[in-house]
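Report on the following structure.
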Number of protein chains: 2
Amino acid sequence: MPYPAKLTPDLILSEAQTLLDNGGESALNMRPLAAALHVQPSSLYRHFPDRGALLQALEDAASTEFNRVLQTASAGKASRAALWAAAEAYLSYARAYPHRYGLLLSPHAPAPVQPGPAKDLWNTVLGLVSALSQTPDDTARTVALWAFLHGFVVLERSGQFGLSGPRGGFDTGLTALLDEMKRVAANRPE
Amino acid sequence: MPYPAKLTPDLILSEAQTLLDNGGESALNMRPLAAALHVQPSSLYRHFPDRGALLQALEDAASTEFNRVLQTASAGKASRAALWAAAEAYLSYARAYPHRYGLLLSPHAPAPVQPGPAKDLWNTVLGLVSALSQTPDDTARTVALWAFLHGFVVLERSGQFGLSGPRGGFDTGLTALLDEMKRVAANRPE
DNA sequence: GTCTATACTCTGATAGAC
DNA sequence: GTCTATCAGAGTATAGAC
């Protein structure tokens, strides 16, 4: 009484996504994945050359998805509101899908210098920041904002804050960074 | 012709520190550690009950060391200069000892809510921030600054920035956060 | 294209001789 | 207090039957 038992890349990826979401990268192993698909581990290798290929596929999907989330959140808003909304969406996504988010900034993740989904994601934030600061290609402020957002996500997740403080820290820090961008824009046409 | 061959907790910790610094937590394993000490793996268990105890000892040492570094860097400076110096020291330490730093913010690290070395570290930064913002127990701004610093460290390390931008992002972001603290202080006696 | 069976390497940890 | 020997488990990946 074999189950559907027909393996396709998409079916494998779907189950792999579930394992990733539940237990993180370290829980995405070939044996449990095969078990969840009612298949022997060796069968997976007919569809993906190795575990790394599986992770890469999930990583690309997460980059694309995350990028779309940020764009949707900021679409049609004025520059400061757009960036604020994107920042909120950033936080929400990282909370909702911590392990997908973790995949995006894993050590082996390709730097966003090379074309690809990660680069697209970078460009989305770069565009929002540059619009607010009215500074073309404002990498410095993009880096600063991204560092703040990522650091907040990581610290919050690791429980390094107590129970108080985190949310206030987010609003305070974000306000400080966005206000500075706005201030620069005001002084720019000088 | 056995080597010094006498095992002490400090000797073990010293070698463990080397392994950690070279390859991170995942490189700190009992077999390589024993080999480096010219000893059999089982011998280590006479001095440490398990691997976790070893990691905990290294983590406490790193917290204490890091705290001392920040205090030394900021000692005797005016509030803004003190905080800026501490931030620079934070970055330098994380760059110089990435794996010790990584231990401090590992998922299993105790939240700085409980007394201990981690709490002391938190209090150091909290004190510097509160002095500048002239806001007692200013957890929100401490969280914001810490998030920024940690995020910057992580992103820089993972190569997520290109070759340009990082350093400018650090100065820009730090300036924005510290200026806001100073501004709040100015408006406080109101 | 899935199966059985297995090779290989790594991990932490323990029992008991000396 | 270090040793030999071993347990028990994890992991990725491959060969070859069907």
Side-chain angles (χ1 to χ4, degrees), chain A residues 1-61 99-100 102-103 106-110, chain B residues 1-62 99 102-103 106-110:
Chain A
M1 206 141 299
Y3 277 61
K6 224 160 202 169
L7 233 40
T8 67
D10 279 355
L11 234 171
I12 296 177
L13 276 180
S14 166
E15 199 61 49
Q17 182 76 263
T18 301
L19 286 181
L20 176 76
D21 285 341
N22 288 342
E25 175 173 342
S26 67
L28 176 49
N29 300 317
M30 304 307 265
R31 269 184 243 258
L33 177 57
L37 289 161
H38 306 286
V39 153
Q40 295 303 314
S42 57
S43 302
L44 300 170
Y45 290 88
R46 289 278 159 190
H47 304 272
F48 288 90
D50 55 29
R51 182 176 178 268
L54 220 54
L55 279 173
Q56 187 60 55
L58 291 176
E59 186 177 311
D60 287 350
H99 297 300
R100 292 184 205 187
L103 219 51
S106 65
H108 82 283
Chain B
M1 207 141 298
Y3 275 61
K6 224 160 205 171
L7 233 39
T8 67
D10 278 355
L11 234 171
I12 296 176
L13 277 179
S14 166
E15 199 61 49
Q17 183 76 262
T18 301
L19 286 181
L20 175 77
D21 286 342
N22 288 344
E25 177 174 339
S26 68
L28 177 49
N29 299 318
M30 303 308 266
R31 267 181 245 260
L33 177 57
L37 289 162
H38 306 286
V39 154
Q40 293 304 314
S42 57
S43 302
L44 300 170
Y45 290 88
R46 289 280 157 188
H47 304 272
F48 288 90
D50 54 29
R51 182 178 179 267
L54 220 54
L55 280 172
Q56 187 61 55
L58 291 176
E59 187 177 310
D60 288 349
H99 297 299
L103 219 51
S106 66
H108 82 283

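Lettering follows sequence order; numbering is per chain, from 1.
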Is there a side-chain polar atom (N or O) of B:Ser42 under 4.0 Å from OP1 or OP2 of C:dT14?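 Answer is no, no contact under 4.0 Å.
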
Phosphate OP1/OP2 of D:dT2: any B:His38 side-chain N/O under 4.0 Å: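 Looking at the OP1 and OP2 atoms of D:dT2, neither is under 4.0 Å from any side-chain N or O of B:His38.
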
Measure the distance from [atom1] on [X] to [atom2] on [N] and round it to the nearest whole Å.
X       : N      : atom1 : atom2 : value
A:Ile12 : C:dT2  : CD1   : C1'   : 12 Å
A:Tyr45 : D:dG11 : OH    : C1'   : 9 Å
A:Gln40 : D:dC18 : CD    : P     : 17 Å
A:Arg51 : D:dT12 : CZ    : P     : 6 Å
B:Glu25 : C:dC10 : CD    : P     : 19 Å
B:Leu44 : C:dA13 : CG    : P     : 11 Å
B:Asp50 : C:dA13 : CG    : P     : 5 Å
A:Leu54 : D:dG11 : CG    : P     : 15 Å

When you measure from every atom of DNA chain D, which of residues 27-36 of chain B have a heavy atom less than 4.0 Å away?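 Those residues whose heavy atoms fall under 4.0 Å from DNA chain D, taken from residues 27-36 of chain B, amount to none.
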
Quick one: list whatever passes side chain to side chain contact (heavy atoms under 4.5 Å, CB included) with B:Thr8, sequence neighbours left out.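 Per chain and number, B:Thr8 pairs via side chain to side chain contact (heavy atoms under 4.5 Å, CB included) with B:Asp10, B:Leu11.
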
Please name all residues satisfying side chain to side chain contact (heavy atoms under 4.5 Å, CB included) with B:Ala61, sequence neighbours left out, ordered by chain then number.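 With sequence neighbours excluded, B:Ala61 shows a side chain to side chain contact (heavy atoms under 4.5 Å, CB included) to no residue whatsoever.
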
Closest approach of B:Arg31 to B:Pro41 (non-hydrogen atoms, all atoms of both residues):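 Result for this residue pair: CG-CG, 3.8 Å.
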
With the side chain counted from C-beta on, respond yes when [X] and [Y] share a heavy-atom pair under 4.5 Å apart, and no when they do not.
X       : Y       : answer
A:Val39 : A:Ile12 : no
A:Leu44 : A:Leu54 : no
A:Asn29 : A:Arg51 : yes
B:Leu28 : B:Leu58 : yes
A:Arg46 : A:Leu7  : no

Go nucleotide by nucleotide along DNA chain D from the 5' end; which of A:Ser26 and A:Pro49 gets its closest nucleotide reached first?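 Checking each residue's closest nucleotide, the 5'-ward one belongs to A:Ser26.
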
Enumerate the residues from residues 13-23 of chain B whose closest heavy atom to DNA chain C is under 4.0 Å, giving them by residue number; use none for an empty result.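 Within residues 13-23 of chain B, no residue comes under 4.0 Å of DNA chain C.
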
List the atom pairs, donor and acceptor, that lie under 3.5 Å between side-chain atoms in residues 13-20 of chain A and the rest of the protein, sequence neighbours left out.
from    : atom 1 : to       : atom 2 : distance (Å)
A:Gln17 : OE1    : A:Arg100 : NE     : 3.2
A:Thr18 : OG1    : A:Ser14  : O      : 3.2

